[in-house]
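These notes are about the structure you will find just below.
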Amino acid sequence: MSADLPAYQCASCGRSHVPAAGRWRCDCGGLLDLPPRPISWNPRPADHTLWRYQDAIAVPGRAFSLGEGMTPLVRAAADGTDRTLLKVEYASPTGSFKDRGAVMLVALARLLGARRLVADSSGNAGTAVAAYAARAGLAAEIFVPAGTSEKKVQQIRGHGAEVTAVPGSREDTARAAAARVAETAAFYASHVYNPYFYEGTKTYALEIFEQLGQAAPATLVLPAGNGTLVIGAYLGFAGLRSAGLIDRLPRIVAVQAERCAPVARAFAAGRAETVPVEPAPTVAEGIAIGAPARGARMLEIVRATGGTVVTVAEAEVTAARAALARRGFWVEPTGAVAYAAARRLRVPGSPYAEGELVVPLCGSGLKAPG
Ligand SMILES: Cc1ncc(COP(=O)(O)O)c(C=O)c1O
Ligand SMILES: [Zn+2]
């Protein structure tokens, strides 16, 4: 193992664990984090991938790359007068922001000497892990819920990974993946449990900071299923603040589908933890997470930044997707969720009407059935 790899730290009991292929939770059942640290701001100008921020990333050295990161940040209105900015994450190599985290997990797996990866996903994280495993020459088995978009399944298979479709809920899929990890000692490339994934999604914040001329926007609107972008974006801006590079954090607005909104419910009720819900079918398949493992962390982040949690109805998502398409942006339904919320937040008089507001277009429309 590389001596430079930071140890995991249990969020419940504080115990440290040396990263190892089979380690994804603490023995006490707690979630693993990496110790927080200030951002070391030293972008490498010649590197046009997220590895330009390698001094701020816990994975030592520059790993292999498919050209992930450095996605465009463009004004929502074509005339450039608007202060709503769209971060075009679907321009990522596999068509979603999950590439940011997947490259970190596969780099970590390789440093730990793993030959085989297991991951579970509603689709996009699985396609990303499959592509990066292919790039790194590692075998991968991806567990997806039965009924996941056919195009995502085809993409995972195309990258040479094995696909196991699991009937039941997203949580049943996660349990099947964890059982396979326990049986085979494969590396669990979990975007939910492995904190190295957030080292990748953290670069979402670093890019925005650089693209805005070394400034933080007033608001980040982010989709929230398991919260990998919510948590990563927060870690990036919190690290910039502890390095003294910004003096306030953007408010974080987490967005859930009305039909699956455990974080929104807990937020409204003033609770610190989410209570699992049974997801009803939603067009936003990527955020249909009834029991997000890091729900409490998302609630803490939203509250710490003075943000909020909002829900969007099915019809709003569909309308937002169509509105984006008419402006030239082709996203999958889940990729329109944050924009749907932003359209509502930007009305005059709302506390979110002022200042720069950044919305990710998370996933490509080319992955969706219609
Ligand atoms: C397109 C898209 N947007 C948003 C999300 C939500 O990400 P997370 O579950 O990490 O909150 C996903 C997750 O798969 C996704 O595929
Ligand atoms: Zn513990």
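One-based numbering, in listed order, for ligands and for the atoms of each.
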Practice problem: Tell me, with the steps shown, if Leu138 and Val106 meet side chain to side chain contact (heavy atoms under 4.5 Å, CB included). | Solution: CA-CA 8 Å; Leu138 304 179; Val106 177; 4.2 Å; yes
Quiz item: Does the side chain to side chain contact (heavy atoms under 4.5 Å, CB included) test come out yes or no for Phe97 and Cys362, once each step is laid out?
Solution: CA-CA 6 Å; Phe97 75 94; Cys362 293; 3.8 Å; yes
Practice problem: Please lay out, stage by stage, how Glu258 and Val312 fare under the test side chain to side chain contact (heavy atoms under 4.5 Å, CB included). | Solution: CA-CA 5 Å; Glu258 217 169 75; Val312 288; over 6 Å; no
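Every atom of ligand 1 with a heavy atom of Pro223 under 4.0 Å away is listed here by number and element: 4 (C), 11 (O). Numbered from 1 in the order shown, with element, the atoms of ligand 1 that lie under 4.0 Å from a heavy atom of Thr228 read 8 (P), 10 (O), 11 (O). Atom numbering of ligand 1 starts at 1 in the shown order; those under 4.0 Å from a heavy atom of Gly227 are 8 (P), 9 (O), 10 (O), 11 (O). In the vicinity of Ala224, heavy-atom distances shorter than 4.0 Å reach the ligand 1 atoms 11 (O). The atoms of ligand 1 that sit less than 4.0 Å from any heavy atom of Gly225 are 8 (P), 9 (O), 11 (O). In the vicinity of Ile287, heavy-atom distances shorter than 4.0 Å reach the ligand 1 atoms 5 (C), 6 (C).
Atom 12 (C) of ligand 1 has as its closest protein heavy atom Gly286 O, 3.6 Å. Looking at atom 9 (O) of ligand 1, its nearest protein heavy atom turns out to be Asn226 N, 2.7 Å.
Side-chain N/O atoms of Lys98 and Thr201 include no donor and acceptor closer than 3.5 Å. Using modelled atom types and a 3.5 Å distance limit, the side chains of Ser122 and Arg170 yield no donor-acceptor pair.
Contact between Ser96 and ligand 1 is absent, with no heavy atom of the residue lying under 4.0 Å from the ligand. Residue contacts with ligand 1 include Ser122, since one or more of its heavy atoms lies under 4.0 Å from the ligand. Residue contacts with ligand 1 do not include Tyr90, since none of its heavy atoms lies under 4.0 Å from the ligand.
Salt bridge annotation for Arg100-Glu207: present, with a cationic side-chain nitrogen under 4.0 angstrom from a carboxylate oxygen. Using a 4.0 Å cut-off between a side-chain N of Lys or Arg and a carboxylate O of Asp or Glu, Lys152 and Glu332 qualify as a salt bridge. Salt bridge status for Arg15 with Asp27: present, with a side-chain N to carboxylate O gap under 4.0 Å.
For the pair Asn124 and ligand 1, the shortest N or O to N or O distance falls below 3.5 Å. Between Gly363 and ligand 1, no pair of N/O atoms sits closer than 3.5 Å. Residue-to-ligand polar distances keep Thr334 apart from ligand 1: every N/O pair is separated by 3.5 Å or more. Residue His191 has no nitrogen or oxygen atom sitting less than 3.5 Å from a nitrogen or oxygen atom of ligand 1, judged on distance alone. Between Cys362 and ligand 1, no pair of N/O atoms sits closer than 3.5 Å.
Taking the six-membered ring for Trp and thresholds of 30 and 60 degrees, His191 and Phe197 have ring planes inclined between 30 and 60 degrees apart. Using cut-offs of 30° and 60° on the angle between ring planes, the pair Tyr193 and Tyr188 is tilted.
Among protein atoms, those of element N, O or S found less than 2.8 Å away from the Zn ion (ligand 2) are Cys10 SG, Cys13 SG, Cys26 SG, Cys28 SG.
Residues Glu314 and Thr282 come closest through the heavy atom pair OE2-OG1, 2.7 Å. Between Pro360 and Ala338, the shortest heavy-atom distance links the atoms CD-CB, 4.0 Å.
Contact of the Arg343 side chain with the Glu316 side chain is not registered, since no non-hydrogen atoms from C-beta on lie closer than 4.5 Å.
Nearest-heavy-atom check against atom 14 (O) of ligand 1 across Glu332, Glu89, Arg170, Lys98 picks out Lys98.
Applying the ring-ring contact (aromatic ring centres under 6.0 Å, His included) test between Tyr53 and each of Phe209, Trp41, Tyr204 identifies Trp41 as the sole match.
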